[in-house]
Amino acid sequence: MAAFHPHQHQRLHPPSAELRRLFHRLTIASSLSILCFSLVYLFAGCCESELADNSDASTRALLAAGSGWPYERNGTRAAGEAGHPGLEGNSSGKEWTATRRLPQALIIGVKKGGTRALLEFLRLHPDIRALGSEPHFFDRHYARGLDWYRTMMPKALEGQIVMEKTPRYFVTVDTPPRIHAMSRDVKLIVVVRDPVTRAISDYTQIISKTPDIPSFESLAFRNHTTGQIDSSWSPLWIGLYAQHMERWLTWFPRTQIHLVSGERLISDPAGELGKVQDFLGLQRIVTDKHFYFNKTKGFPCLKKPEGSSKPHCLGKTKGRTHISIDPEVIQKLREFYKPHNQRFYQMVGQDFGWQ
């Protein structure tokens, strides 16, 4: 009989029934966990996309109805623009192609006419992307080139209007041909105001920064004895609207220049904004529902935005009290401006009623 070698024919005992059951349960549990996790992930992704799309549509509907202020004011480099160049996120978490383009509209003047108020009011419109600061490209930085100018603009989606405001453009001799060279079709907006009131407002701002300058009266006249006005003094020179407008009409048709009344921008902001929106070819979304009159400032303010506890008014420098000027000086200035104003009214086909 052959010898038995246990190491050559070792018998392997099968695992017990209890171990087999435990292994089977673990396998089933793992499979179920993976399946549940996948279902939850897919369900959450679908719901999030649907809710975000619905939220975006509802936001636009609210603003179109004028029932609130759901959009943040458009600005220079808004939060959410960081990341891939040329892309900008929206409220639904999606990314739409957005680029920095040269402006299609410019607020070109005038200083102390109400340009800041107009810009802030227009930035409520979701189809306007406006630069918050004044780039002064066409009057001070033209040598930097259009590529540099483009980089200053906020990103905009297709269909949105890019714009900026620099009041100095209106009175700068070289600006009209430079803007024309950029675009023949650009739309131009000028906010004009009673030139006498504008000059006093201008001087009020100047003296707040340099209180040691001579008085308004001494600067306004070349000769006090004869009453000769010094029209070369900047606060008075800016108010010679016909002289400046003549240059613009050499380069652009009247239909491409929209005039805003600085006085009506205060008394009827929604009415003036409606005309500007029409001029830009936009739906009238910014309406009287967005404004209230601040009696303390004597100026319209924007109603409380959603999510904010305070309404939005312009800064302390806007609507401030003007310095007191001798009534005789004011009368002489009105007489000086009268023929210039009449020429301006005829030139633009609009009477602003400045007395």
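Bear in mind that the values here come from a model prediction, so they are computed numbers and not experimental data.
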Would you say [X]'s side chain and [Y]'s backbone share a donor-acceptor pair under 3.5 angstrom?
{"X": "S208", "Y": "Q205", "value": "yes"}
{"X": "Q256", "Y": "V186", "value": "yes"}
{"X": "E263", "Y": "R193", "value": "no"}
{"X": "R254", "Y": "L249", "value": "no"}
{"X": "Q355", "Y": "G353", "value": "yes"}
{"X": "R198", "Y": "K111", "value": "yes"}
{"X": "T250", "Y": "E246", "value": "yes"}
{"X": "W248", "Y": "F170", "value": "yes"}

Minimum-distance pair of heavy atoms, taken over all atoms of [X] and [Y]:
{"X": "A242", "Y": "H340", "answer": "CB-O, 3.9 Å"}
{"X": "V276", "Y": "I189", "answer": "CG1-CD1, 3.9 Å"}
{"X": "S231", "Y": "W237", "answer": "O-CB, 3.1 Å"}
{"X": "P269", "Y": "F121", "answer": "CB-CE1, 4.2 Å"}
{"X": "F279", "Y": "T255", "answer": "CE1-O, 3.5 Å"}
{"X": "A130", "Y": "L119", "answer": "CB-CD1, 3.7 Å"}

In M152, K187, M153, the residue satisfying side-chain contact (heavy atoms from CB on, under 4.5 Å) with P103 is M153
Partners meeting salt bridge (Lys or Arg N to Asp or Glu O under 4.0 Å) with D194 (sequence neighbours left out):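 Partners of D194 under the salt bridge (Lys or Arg N to Asp or Glu O under 4.0 Å) test: R334.
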The salt bridge (Lys or Arg N to Asp or Glu O under 4.0 Å) partners of K338 (sequence neighbours excluded) come to none
Could you tell me the separation between the [atom1] atom of [X] and the [atom2] atom of [Y], rounded to the nearest 0.5 Å?
{"X": "I323", "Y": "T204", "atom1": "CD1", "atom2": "OG1", "value": "4.5 Å"}
{"X": "I238", "Y": "D202", "atom1": "CD1", "atom2": "CG", "value": "5.0 Å"}
{"X": "L106", "Y": "M182", "atom1": "CG", "atom2": "CE", "value": "5.0 Å"}
{"X": "L122", "Y": "D127", "atom1": "CG", "atom2": "CG", "value": "12.0 Å"}
{"X": "T172", "Y": "Y169", "atom1": "OG1", "atom2": "OH", "value": "9.0 Å"}
{"X": "L265", "Y": "L273", "atom1": "CG", "atom2": "CG", "value": "6.5 Å"}

_Go through it in stages, so that I can follow the logic: the residues are D147 and R150, the test is salt bridge (Lys or Arg N to Asp or Glu O under 4.0 Å), and I'd like the CA-CA distance, side-chain angles, deciding distance and then a yes or no._
CA-CA 5 Å; D147 288 338; R150 185 184 291 107; 2.9 Å; yes
Taking side chain as C-beta onward, heavy atoms only, is [X] less than 4.5 Å from [Y]?
{"X": "T175", "Y": "I108", "value": "no"}
{"X": "I107", "Y": "P167", "value": "no"}
{"X": "Y203", "Y": "I213", "value": "yes"}

What class does the angle between the rings of [X] and [Y] fall in, given that below 30° is parallel, 30 to 60° is tilted and above 60° is perpendicular?
{"X": "Y149", "Y": "F137", "answer": "parallel"}
{"X": "F352", "Y": "Y345", "answer": "tilted"}
{"X": "H180", "Y": "W251", "answer": "tilted"}

- Query: Just one of R168, R116, K165 clears the side chain to side chain donor-acceptor pair (under 3.5 Å) bar with E134, so which one?
  - Reply: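 The option that passes is K165.
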| query | What do the steps show when you test V190 against Y241 for side-chain contact (heavy atoms from CB on, under 4.5 Å), and what is the final call? | reply | CA-CA 10 Å; V190 188; Y241 301 144; over 6 Å; no
**salt bridge (charged side-chain N to carboxylate O under 4.0 Å, His left out) contacts in which one or both residues fall within residues 222-244, not counting sequence neighbours** =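 Sorted pair list: R222-D230.
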side-chain contact (heavy atoms from CB on, under 4.5 Å) for E272 and S261? Distances and angles first, verdict last. CA-CA 7 Å; E272 286 301 295; S261 166; 4.1 Å; yes
(request) Give a yes or no on whether the ring-centroid distance for W233 and F216 is below 6.0 angstrom. (result)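 Distance test on ring centres: under 6.0 Å, yes.
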Residues E217 and K332 bridged, charged N to O under 4.0 Å: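 No, no charged N to carboxylate O under 4.0 Å.
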